[in-house]
Amino acid sequence: MAPVAPRSGDAIFASVEHVNAELFTLTYGAIVRQLLTDLEEVEEVNKQLDQMGYNIGVRLIDEFLAKSNVSRCVDFKETADVIAKVGFKMFLGVGASVTNWDADGTCCSIVLDDNPLVDFVELPDTCQGLYYCNILSGVVRGALEMVSMKTEVTWVRDMLRGDDAFELQVKLLKQVPEEYPYKDDE
């Protein structure tokens, strides 16, 4: 049997069931608003959004690998490219590009073409420290950890804060060797 070719993010996005974009955006907004009410401190809300995203990313990677038919990436550069071109398209319906690589090839930026989470959103002055889309940084971090890459993911630019784009910086901290629960010789 011939190997199955990897599917593009557009093809996968077109073939999966969709949620109404406005419902998705408004539901996410309600979650952020409730966190602001419950936690009161903007920095705590940022941490909670990141943790929620991490938990989602840990589970989302299984669906991504099952539906995308992407083979194992050879390095961090290829992994970042797959996240930008297939992952963001598959789950959010938006494209992204990878830029600003460092000399070591361990740090890059993922710039989103669009961000459906921020439709209808304006941050009040009391929330200027809020990274409204911090859930996305957690998703990327959680998914990469499940494929043995310990990373740090932070927002560099955010249009809700007056910047000209949505840009995530992804820094590879270490490649974790895969461990198997048992030895073959036993």
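Nothing fancy with the numbering, it's 1 onward along the sequence.
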With under 30° as parallel and over 60° as perpendicular, where do the rings of Tyr28 and Tyr132 fit, or are they tilted in between? perpendicular

Kindly write out the residues that satisfy salt bridge (charged side-chain N to carboxylate O under 4.0 Å, His left out) with Lys77, not counting sequence neighbours, or none if the list is empty. none

Can you tell me how far the CG atom of Asp62 sits from the CE atom of Met146, to the nearest 0.5 Å? 9.0 Å

Quick one: pull up SG in Cys133 and CG in Asn115 and give me the separation to the nearest 0.5 Å. 4.0 Å

Is the backbone of Arg33 close enough, under 3.5 Å, to the side chain of Thr37 for a donor and an acceptor to pair up by distance? yes

By side-chain hydrogen bond (donor to acceptor under 3.5 Å, both in side chains) - contacts of Asp75 (at least two apart): none

Kindly compute the distance separating CG (Asp158) from CG (Asn134), expressed to the nearest 0.5 Å. 9.5 Å

With sequence neighbours left out, the residues meeting side chain to side chain contact (heavy atoms under 4.5 Å, CB included) with Ala84 are Ala96, Val98, Ile110

Minimum heavy-atom separation for Leu123 to Leu160, with atom names? CD1-CB, 4.0 Å

Can you give me every donor-acceptor pair (side chain of residues 165-176, partner residue at least two apart or in another chain, under 3.5 Å) with its distance?
{"unit_1": "Glu167", "atom_1": "OE1", "unit_2": "Arg157", "atom_2": "NE", "d": "2.5"}
{"unit_1": "Glu167", "atom_1": "OE1", "unit_2": "Arg157", "atom_2": "NH2", "d": "2.9"}
{"unit_1": "Glu167", "atom_1": "OE2", "unit_2": "Asn100", "atom_2": "ND2", "d": "3.2"}
{"unit_1": "Glu167", "atom_1": "OE2", "unit_2": "Ser109", "atom_2": "OG", "d": "2.5"}

Could you give the distance from OG (Ser97) to NZ (Lys85), rounded to the nearest 0.5 Å? 6.5 Å

Hydrophobic clusters here meaning ILVMFWY residues chained together by side-chain heavy-atom distances under 4.5 Å, can you tell me if Phe91 and Ile61 are in one? yes

Examine Leu39 and Ile135 and state if one hydrophobic cluster contains both, with Ile, Leu, Val, Met, Phe, Trp and Tyr joined whenever side-chain heavy atoms are less than 4.5 Å apart. yes

Kindly indicate whether the side chain of Val86, heavy atoms from C-beta on, has any atom under 4.5 Å from the side chain of Ile83. no

Members sharing Leu26's hydrophobic cluster, built from side-chain contacts under 4.5 Å between Ile, Leu, Val, Met, Phe, Trp and Tyr, are Phe120

Enumerate the residue pairs fulfilling salt bridge (Lys or Arg N to Asp or Glu O under 4.0 Å) with a member in residues 50-61, sequence neighbours excluded, ordered by first and then second residue. Asp50-Arg141

With a 4.5 Å cut-off on side-chain heavy atoms, are Val139 and Val153 touching? no

Closest non-hydrogen contact found for Cys73 with Thr79 is CB-OG1, 3.3 Å

To the nearest 0.5 angstrom, please state how far the CG atom of Leu60 sits from the CG atom of Asn55. 12.0 Å

Going by ring-ring contact (aromatic ring centres under 6.0 Å, His included), name the pairs with one or both residues in residues 95-119, residues two or more places apart or in two chains. Phe76-Trp101

Tell me, please, which residues at least two apart from Tyr131 pass side-chain hydrogen bond (donor to acceptor under 3.5 Å, both in side chains). Arg161

Measure across Gly129 and Val42 and return the closest heavy-atom pair with its distance rounded to 0.1 Å. C-CG1, 3.3 Å

When rounded to the nearest 0.5 Å, the distance separating CG of Leu92 from CG of Leu112 is 8.0 Å

Sequence neighbours left out, what passes side-chain hydrogen bond (donor to acceptor under 3.5 Å, both in side chains) with Asp104? Give chain and number order. none

Intermediate values then yes/no, side chain to side chain contact (heavy atoms under 4.5 Å, CB included), Cys127 and Leu36: CA-CA 9 Å; Cys127 296; Leu36 285 166; 3.9 Å; yes

Show me the pairs that pass side chain to side chain donor-acceptor pair (under 3.5 Å) and involve residues 40-49, at least two apart or across chains. none

Scanning both residues in full, the closest heavy-atom pair of Leu49 with Leu35 reads CD2-CD1, 3.6 Å

Which residues satisfy the ring-ring contact (aromatic ring centres under 6.0 Å, His included) test with Tyr54, sequence neighbours excluded? none

Under 4.5 Å between any side-chain heavy atoms of Thr25 and Val118, yes or no? no

Glu152: partners by salt bridge (charged side-chain N to carboxylate O under 4.0 Å, His left out), with sequence neighbours left out: none

Consider only side-chain heavy atoms of I, L, V, M, F, W and Y, link residues closer than 4.5 Å, and tell whether Val140 and Val156 are in one cluster. no

